[in-house]
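Both counts, for ligands and for their atoms, begin at 1 and track the order of listing. On a predicted model such as this, the values are computed, not experimentally measured, just so you know.
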Amino acid sequence: MSKTSHTPRVFSGVQPSGAMHLGNYLGALKKFAILQHEHECLYCIVDLHAITVWQDPTVLKQQTREIAAAYLASGVDPKKAIIYPQSNVRAHTELAWYFNCVARTGWVNRMTQFKDKAGKNTERASVGLYTYPVLQAADILAFKATHVPVGEDQKQHLELSRDIAQKFNNDFNVPDFFPLPEALTQGPGARVMSLRDGTAKMSKSDPSDNSRINLTDNADIIVKKFKKAKTDMGVMPAPGEDLSERPEVDNLISIYSALSEMNRKQVVAQFEGQGFGVFKPALADLAVEKLAPITLLMSRYLSDPDEIDRILLAGAEKAAEISEPIMRDVRKIIGFLGA
Ligand code: AMP
Ligand code: TRP
């Protein structure tokens, strides 16, 4: 992590809007557990972001617990890191409004995730979906967080967060009040692609379940999905071979690398010239070895929802203790009466 004049603080969030998959694990969760040993960390379940598209209230509650269980099962320790639901800490919504008045519509118009999520009929998308990245900036900056572990798809949102922080500091002449948060996207798992199409991101919303490995998939399903994963007529590449025309093979090598802690070069060297009939089962075994304990732990945590709720409510209290003094300063800086 690079140095800033601010105390390092880590913040990230995952939406409770569908099952967690291998991309979420490698792009985000795996890093959460590692970072908690060296830094103050807040890991949020961003239910306010989830409701930018319709969510059934009962399902939302259940999925919030499922994300919490996935955090815990991936090794996030509530004694070390703060985990909590976004809706339980008021600073998010409050700062999001202030930032709506700082961010320019031109900046928000450039966000590609809105275009992807809204589809063709943008007029029917909620206003919340449009201003979603502004809420994300508020999430991070309500805690003056400096570092944000996320997958590569979030880089553009992080740039917007920096722009908003910078403009606030300039507009109110408070240089360095907000840090300019940095995305932590290093590593081979930052952009895990679909198992059916190496040019599309592995995603919760892909209609084909075979496109992703869910954290709830059992060993048989994982093996089957890797067996069916799209490849080509060739064999495993030689060192230095250009894989730009073989995105599916490239992706499977990245997944192997991210799961095994071997770098890509080592993976390529190990499997050079082998058929996919050898590589795919090896990859499936590795995935089962790494994911099965997480799946098991997730279901153990989920069998005691009251305990999850206790952890989340205690986390929300701790998060509010950090954000409140920051919000008091923000209100004063803006010039609100009584602040
Ligand atoms: P989401 O499921 O969109 O709320 O994403 C939660 C976290 O997982 C974010 O940090 C994303 O950047 C990350 N993520 C989602 N999909 C992928 C993927 N296919 N590869 C790597 N990271 C991902
Ligand atoms: N937008 C992120 C995603 O779709 C989730 C998110 C919301 C987030 N607020 C955040 C990630 C703050 C990092 C920091 O994955």
Trainee: For Glu317, I'd like to know if atom CD has over 12 heavy atoms of other residues, nucleotides or ligands within 6.0 Å.
Mentor: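 Counting other residues, nucleotides and ligands, CD of Glu317 stays at 12 neighbours or fewer.
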Trainee: Show me which atoms of ligand 1 lie under 4.0 Å from any heavy atom of Met202.
Mentor: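 The list of qualifying atoms is 16 (N), 18 (C), 19 (N).
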Trainee: Tell me the closest heavy-atom pair linking Glu248 and Thr231, and the distance in Å.
Mentor: CB-CA, 4.4 Å
Trainee: Under a 4.0 angstrom heavy-atom cut-off, which atoms of ligand 2 come close to Gln15?
Mentor: 4 (O)
Trainee: Atom 10 (C) of ligand 2: which protein heavy atom is closest, and how many Å away?
Mentor: Gln136 CG, 3.4 Å
Trainee: Would you say Asp153 contacts ligand 1, with heavy atoms under 4.0 Å as the rule?
Mentor: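 Yes; Asp153 lies near enough to ligand 1 that a heavy-atom distance drops under 4.0 Å.
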Trainee: Report the part of Ala190 in contact with ligand 1, treating N, CA, C, O as backbone and CB onward as side chain, heavy atoms under 4.0 Å; options are side chain, backbone, both, neither.
Mentor: backbone
Trainee: Near Ser12, which atoms of ligand 2 are under 4.0 Å from a heavy atom of that residue?
Mentor: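 Every atom of ligand 2 under 4.0 Å from some heavy atom of Ser12: 13 (C), 14 (C).
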Trainee: For ligand 1, which atoms sit closer than 4.0 Å to a heavy atom of Lys201?
Mentor: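 Per the distance check, 19 (N).
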Trainee: Using a 6.0 Å cut-off, check whether atom NZ of Lys115 has over 12 heavy atoms from anything other than its own residue.
Mentor: yes
Trainee: Return the residue, atom name and 0.1 Å-rounded distance of the protein heavy atom closest to atom 15 (C) of ligand 1.
Mentor: Asn24 ND2, 3.2 Å
Trainee: Which of the numbered atoms in ligand 1 are under 4.0 angstrom from any heavy atom belonging to Gly189?
Mentor: 21 (C)
Trainee: Would you give the length of the straight line joining atom CZ of Phe178 to atom CZ of Arg162, rounded to the nearest 0.5 angstrom?
Mentor: 15.0 Å
Trainee: Look at Asp250 together with Arg264 and state whether they make a salt bridge at an N to O cut-off of under 4.0 Å.
Mentor: yes
Trainee: Only heavy atoms of Arg191, strictly under 4.0 Å: list the atoms of ligand 1 that pass.
Mentor: 20 (N), 21 (C)
Trainee: Do Lys30 and Glu261 meet the salt-bridge criterion of a basic N to acidic O distance under 4.0 Å?
Mentor: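 Yes, this pair counts.
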Trainee: What's the shortest distance from atom 9 (N) of ligand 2 to any protein heavy atom, and which residue and atom give it?
Mentor: Asp139 OD2, 2.7 Å
Trainee: Measure the distance from atom 14 (C) of ligand 2 to every protein heavy atom, then report the residue, atom name and distance (to 0.1 Å) of the closest one.
Mentor: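 Nearest neighbour among protein heavy atoms for atom 14 (C) of ligand 2, to 0.1 Å: Val148 CG1, 3.6 Å.
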Trainee: Drop me the distance from Leu158's CG to His147's NE2, to the nearest 0.5 angstrom.
Mentor: 10.5 Å
Trainee: Check this for me: does any side-chain nitrogen of one of Lys201 and Asp153 sit under 4.0 Å from a carboxylate oxygen of the other?
Mentor: yes
Trainee: Are the ring centres of Phe143 and His92 closer than 6.0 Å?
Mentor: yes
Trainee: Show me which atoms of ligand 2 lie under 4.0 Å from any heavy atom of Val150.
Mentor: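 Answer, ordered by atom number: 11 (C), 13 (C).
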Trainee: Please could you name the atoms of ligand 2 that Val46 approaches to less than 4.0 Å, counting only its heavy atoms?
Mentor: 7 (C), 9 (N)
Trainee: Does Lys318 NZ have over 12 foreign heavy atoms under 6.0 Å away?
Mentor: yes
Trainee: Is the Tyr98 to Phe336 ring centre distance short of 6.0 Å?
Mentor: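 Close enough - the centres of the two rings lie under 6.0 Å apart.
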Trainee: To the nearest 0.5 Å, how far apart are CG in Asp77 and CZ in Phe32?
Mentor: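 Going from the CG atom of Asp77 to the CZ atom of Phe32 covers 15.0 Å.
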Trainee: In terms of atom number and element, which parts of ligand 1 are under 4.0 angstrom from non-hydrogen atoms of Gln154?
Mentor: 12 (O)
Trainee: Within less than 4.0 angstrom of ligand 1, does His21 place any heavy atom?
Mentor: yes
Trainee: As an exercise, identify every atom of ligand 1 less than 4.0 angstrom from a heavy atom of Ala28.
Mentor: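 That gives atoms 7 (C), 8 (O), 10 (O) of ligand 1.
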Trainee: Say you draw a straight line from CG of Asn210 to OG of Ser194; how long is it, rounded to the nearest 0.5 Å?
Mentor: 9.5 Å
Trainee: What protein heavy atom sits nearest atom 4 (O) of ligand 2, and how far off is it?
Mentor: Tyr132 OH, 2.9 Å
Trainee: When you measure from atom 15 (O) of ligand 2 to every protein heavy atom, which one gives the shortest distance, and what is it?
Mentor: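 For atom 15 (O) of ligand 2, the nearest protein heavy atom comes out as Gln154 NE2, 3.4 Å.
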Trainee: With atoms numbered from 1 as shown, which atoms in ligand 1 lie under 4.0 angstrom from a non-hydrogen atom of Lys204?
Mentor: 1 (P), 2 (O), 4 (O)
Trainee: For atom 19 (N) of ligand 1, what's the nearest protein heavy atom and its distance?
Mentor: Val192 O, 2.7 Å
Trainee: Looking at Gly27, which atoms of ligand 1 are within less than 4.0 Å of one of its heavy atoms?
Mentor: 21 (C), 22 (N)
Trainee: Starting from atom 5 (C) of ligand 2, what is the nearest protein heavy atom, named by residue and atom, and what distance separates them?
Mentor: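 Nearest protein contact, heavy atoms only, for atom 5 (C) of ligand 2 is Gly13 O, 3.5 Å.
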Trainee: State, to 0.1 Å, how close Leu141 and Ser161 come at their nearest heavy-atom pair, and which atoms those are.
Mentor: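 Taking every non-hydrogen atom into account, CD1-O, 3.9 Å.
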Trainee: Does Lys144 qualify as a cation-pi partner of Phe177, given the criterion of NZ or CZ under 6.0 Å from the six-membered ring centre and within 45 degrees of its axis?
Mentor: yes
Trainee: Students should be able to answer this: which protein heavy-atom is nearest to atom 4 (O) of ligand 1, and at what distance?
Mentor: Gln15 N, 3.3 Å
Trainee: Does the gap between the ring centers of Tyr84 and Tyr71 come in under 6.0 Å?
Mentor: no
Trainee: Go through ligand 2 atom by atom and flag the ones less than 4.0 Å from a non-hydrogen atom of Phe11.
Mentor: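 In order of numbering, the contacting atoms are 12 (C), 14 (C).
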Trainee: Could you check atom 9 (C) of ligand 1 against the protein and tell me its nearest heavy-atom contact, residue, atom and distance included?
Mentor: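 Checked against all protein heavy atoms, atom 9 (C) of ligand 1 sits closest to Gly151 N, 4.1 Å.
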Trainee: Measure the distance from atom 22 (N) of ligand 1 to every protein heavy atom, then report the residue, atom name and distance (to 0.1 Å) of the closest one.
Mentor: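 Ranked first by proximity to atom 22 (N) of ligand 1 is Gly23 O, 3.1 Å.
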